[in-house]
Amino acid sequence: MTIGLEEFLIVGSLLFCMGLLIALSKRNAIGVLIGVEVMLNAVNLTLLSFARFTESAQPIAGHTFVVFVITVAAAEVAVALALAILIYRNRETVDVDQFTLLRS
Amino acid sequence: MNALDVVGPQLIILIAAGLILLTEGIFGRYRRILPYIALAGLVASAAWTTSWVIRDDYQTIFDGTFSLDQYAVFFYYVFAGVTALVVLASVDWVDRVGRRQAEYYALVLTATAGLMFLAGARDLITIFIALELSSIPQYILAGWQKDRRSSEAGLKYLLLGAISSAVLLYGMALIYGFTGTTILPEIGRVIAAEGEENRALLIVAVTMLIAGFGFKMAVVPFQMWVPDVYQGAPTPVTAFLSVGSKAAAFAVVIRVFFEGLGADFISSDWANIFAVLAAVTMTVGNVMAIVQSDIKRMLGYSSVAQAGTFLIGLAAVSATGDGFTLGASAVLLFVAAYAFTNLGAFVAVIAISQRIGSDQIADYSGMWKRAPLLAAALAFCLISLTGIPPTAGFWAKLYIFNAGIHADLAWLVIIAVLNTVVSGYYYLGVVRQMFLGDTQERPFRVSPTIGVSLAVTTAGVLVFGILPAPLIDAAQEAVQIFAGQ
């Protein structure tokens with residue numbers, strides 16, 4: 001059996017759902033970030049497999065997209081870690097359940 | 001060179017941001033001029049935009065991924081104006097915080113450049129990058145004050161924002177996989193030609209796009225972050241988020257859905273989704289706003305409710321006027337009116353919270369006796385948010401309801417009118433508190449920069465409330481690029 005587009009897309013969607021599950025269920029802010037990274041990599045896998053396996057007018061667009069997703073994700077994580085450190089200094093925890101200062 | 005000319009309005013703002021950082025680094029003593037460099041950059045950017053309007057030579061650059069057209073120009077003006085007013089309103093507050101002034105203005109300008117790129121982006125990759133260019137500075141700005149509340153707001157905003165952009169990206173990946181291109185008009189062409197049999201797949205992709213953009217638009221059920229971030233972030237930043245970020249989200253949603261997903265069979269599907277979201281968003285936003293005691297939280301929920309009203313325009317995609325789409329032009333008119341009005345309200349809140357050190361609505365009691373002009377301006381903006389004449393908000397609501405009626409969405413318009421009545425309860429509750437409440441506190445004056453900012457916004461609300469025609473014309477002309485799609 002040859003591995004084609006379908007298999008890659010299935011793996012991609014499973015990864016995406018796992019990432020979403022992690023991001024929504026983790027209580028630690030770093031854990032949420034890891035979930036987001038998994039989701040972004042699922043997106044990258046999906047984009048690359050589409051670019052590789054389909055008759056596309058613009059196959060390069062998929063590859064370009066992936067490079068930008070990786071770059072922007074790195075920038076986002078840098079800011080996220082800075083904010084997480086800031087919060088840790090303020091209250092010695094990065095547990096999102098403890099972020100209850102802002103409530104009505 | 002030509003491409004640089006086309007993105008000139010954005011470049012000049014980024015240059016101003018760089019200049020601000022350099023000035024702080026080299027001439028630290030002249031810190032007072034930083035906001036004025038920002039203002040000069042914004043004015044120069046608006047002038048450059050005007051030069052394109054005069055040249056009337058609208059074009060698409062970078063292989064069709066970015067376009068300068070009437071639609072983008074409309075938003076360029078809105079963003080430059082909004083940022084200028086926010087900068088003016090933050091001078092006092094930034095002075096008081098003291099440190100990291102250059103970074104504050106540089107980040108606000110960078111976010112503005114991102115919003116402007118978003119208005120002109122015509123390609124999924126460009127949209128994603130522009131979205132992040134505007135979002136990442138806003139995450140930092142929300143955590144600007146570094147205290148417990150502000151940092152909590154920043155991290156909450158970032159985590160939820162990151163999840164939503166991952167969902168958005170997955171939707172974009174599906175669209176790319178289906179059409180083989182990332183350029184919106186091409187996507188539109190492919191979907192119109194061969195999309196009908198793959199409608200189910202497209203609906204999955206559309207749903208993910210709506211979820212991703214819905215976060216930025218602050219639409220129910222993606223609104224959880226709004227009250228927390230609005231309350232925790234520094235008030236000038238909240239003003240920027242509530243107006244700039246939301247306007248840009250609607251700008252890009254209109255372009256993606258009208259240009260990329262405008263084919264009849266799919267547009268009726270997403271119009272239905274938007275109609276249901278509009279009804280739910282208005283109702284949830286208004287009901288939650290009633291019970292708030294903090295004015296920033298109340299304005300947060302009210303902005304959720306306003307987002308629901310915006311969505312009526314998107315749901316009314318089938319309503320067409322004379323060569324333009326009635327629904328889209330209604331959204332643009334609403335964006336401009338809402339920008340002035342909400343900004344005015346937030347500027348007044350900034351001024352008041354600086355003097356009395358509280359955001360509790362109960363503390364606004366008797367504000368009329370302490371700062372008559374300020375109270376009058378805030379009251380006027382709240383009246384405009386409710387949608388009572390003679391204000392810009394009235395015409396915007398009327399126009400968007402008209403679009404809804406033309407699209408046979410009478411049920412939605414009835415819900416919207418009922419919601420307007422509900423919203424009057426809490427908006428006018430603040431007005432009543434200010435004018436009829438009693439106080440023993442001393443009167444106070446506001447600083448000149450905040451005064452200017454407040455005067456401009458209030459004058460805008462009043463002028464467009466009395467003479468709405470120029471704004472309506474501009475909105476109708478801007479959406480003509482979507483005609484016949």
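Only a predicted model underlies this, so the values are computations on that prediction, with no experimental measurement involved. Here is how names work: the chains are called A, B, and so on, in the same order as the sequence lines, proteins then strands, and each is numbered from 1.
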A/Val77 versus chain B, heavy atoms under 4.5 Å apart: side chain, backbone, both or neither?
neither
Smallest heavy-atom separation, B/Gly143 atom then A/Leu86 atom, equals O-CD2, 4.1 Å
Side-chain touch A/Leu24/B/Ile163, heavy atoms, less than 4.5 angstrom
yes
State, to 0.1 Å, how close A/Val36 and B/Ala162 come at their nearest heavy-atom pair, and which atoms those are.
CG1-CB, 3.8 Å
Contact class of B/Val167 relative to chain A, heavy atoms under 4.5 angstrom:
both
Less than 4.5 Å to any heavy atom of chain B: does that hold for the side chain of A/Leu5, its backbone, both, or neither?
neither
Shortest non-hydrogen contact between A/Leu83 and B/Leu158, atoms and distance
CD1-CD1, 4.1 Å
Sort B/Phe128 into side chain, backbone, both or neither according to what part of it lies under 4.5 angstrom from a heavy atom of chain A.
side chain
Worked verdict on B/Ser151 versus A/Arg89 for side-chain contact (heavy atoms from CB on, under 4.5 Å):
CA-CA 10 Å; B/Ser151 55; A/Arg89 278 199 192 136; over 6 Å; no
Considering only heavy atoms, which portion of B/Ile183 lies under 4.5 Å from any heavy atom of chain A: side chain, backbone, both, or neither?
both
Report the residues that fulfil side chain to side chain donor-acceptor pair (under 3.5 Å) with B/Thr235, sequence neighbours left out, ordered by chain and then residue number.
B/Lys296
How close do B/Thr182 and A/Phe65 get, heavy atom to heavy atom, and via which atoms?
CG2-CD1, 4.3 Å
Hey, which residues of residues 41-48 of chain A are touching chain B, say heavy atoms under 4.5 Å apart?
A/Val43, A/Thr46, A/Leu47
Residue pair B/Leu155 / A/Ala84: nearest heavy atoms and the distance that separates them:
CD1-N, 4.2 Å
Step by step, would you call A/Asn90 with B/Asp147 a side-chain contact (heavy atoms from CB on, under 4.5 Å)?
CA-CA 7 Å; A/Asn90 275 335; B/Asp147 58 8; 5.5 Å; no
A/Ser13 versus chain B, the contacting section by heavy-atom distance below 4.5 Å:
both
Using only non-hydrogen atoms and a strict under-4.5 angstrom cutoff, which residues of residues 201-213 of chain B touch chain A?
B/Met208
Taking side chain to side chain donor-acceptor pair (under 3.5 Å) as the test, write out the residues that go with A/Arg27, two or more places apart.
A/Asp95, A/Asp97
Chain A contact via B/Ser135 - which portion, at a heavy-atom distance below 4.5 Å
neither
Options A/Ala75, A/Ala82, A/Ala51, A/Gly35, ranked by heavy-atom pairs under 4.5 Å with chain B, top entry
A/Ala51
Please report the interatomic distance CZ(A/Phe50) to OH(B/Tyr176), rounded to the nearest 0.5 Å.
9.5 Å
Which heavy atom in A/Val72 sits nearest to a heavy atom in B/Glu132, and how many Å separate them?
CG1-CG, 3.2 Å
Taking atom CZ as the centre, does A/Phe68 end up with more than 12 heavy-atom neighbours from other residues, nucleotides or ligands that are less than 6.0 angstrom away?
no
Side chain, backbone, both or neither: which part of B/Leu124 has an atom under 4.5 Å from a heavy atom of chain A?
both
So which of B/Leu174, B/Asp294, B/Ile140, B/Ile129 has the largest heavy-atom pair count under 4.5 angstrom toward chain A?
B/Ile129
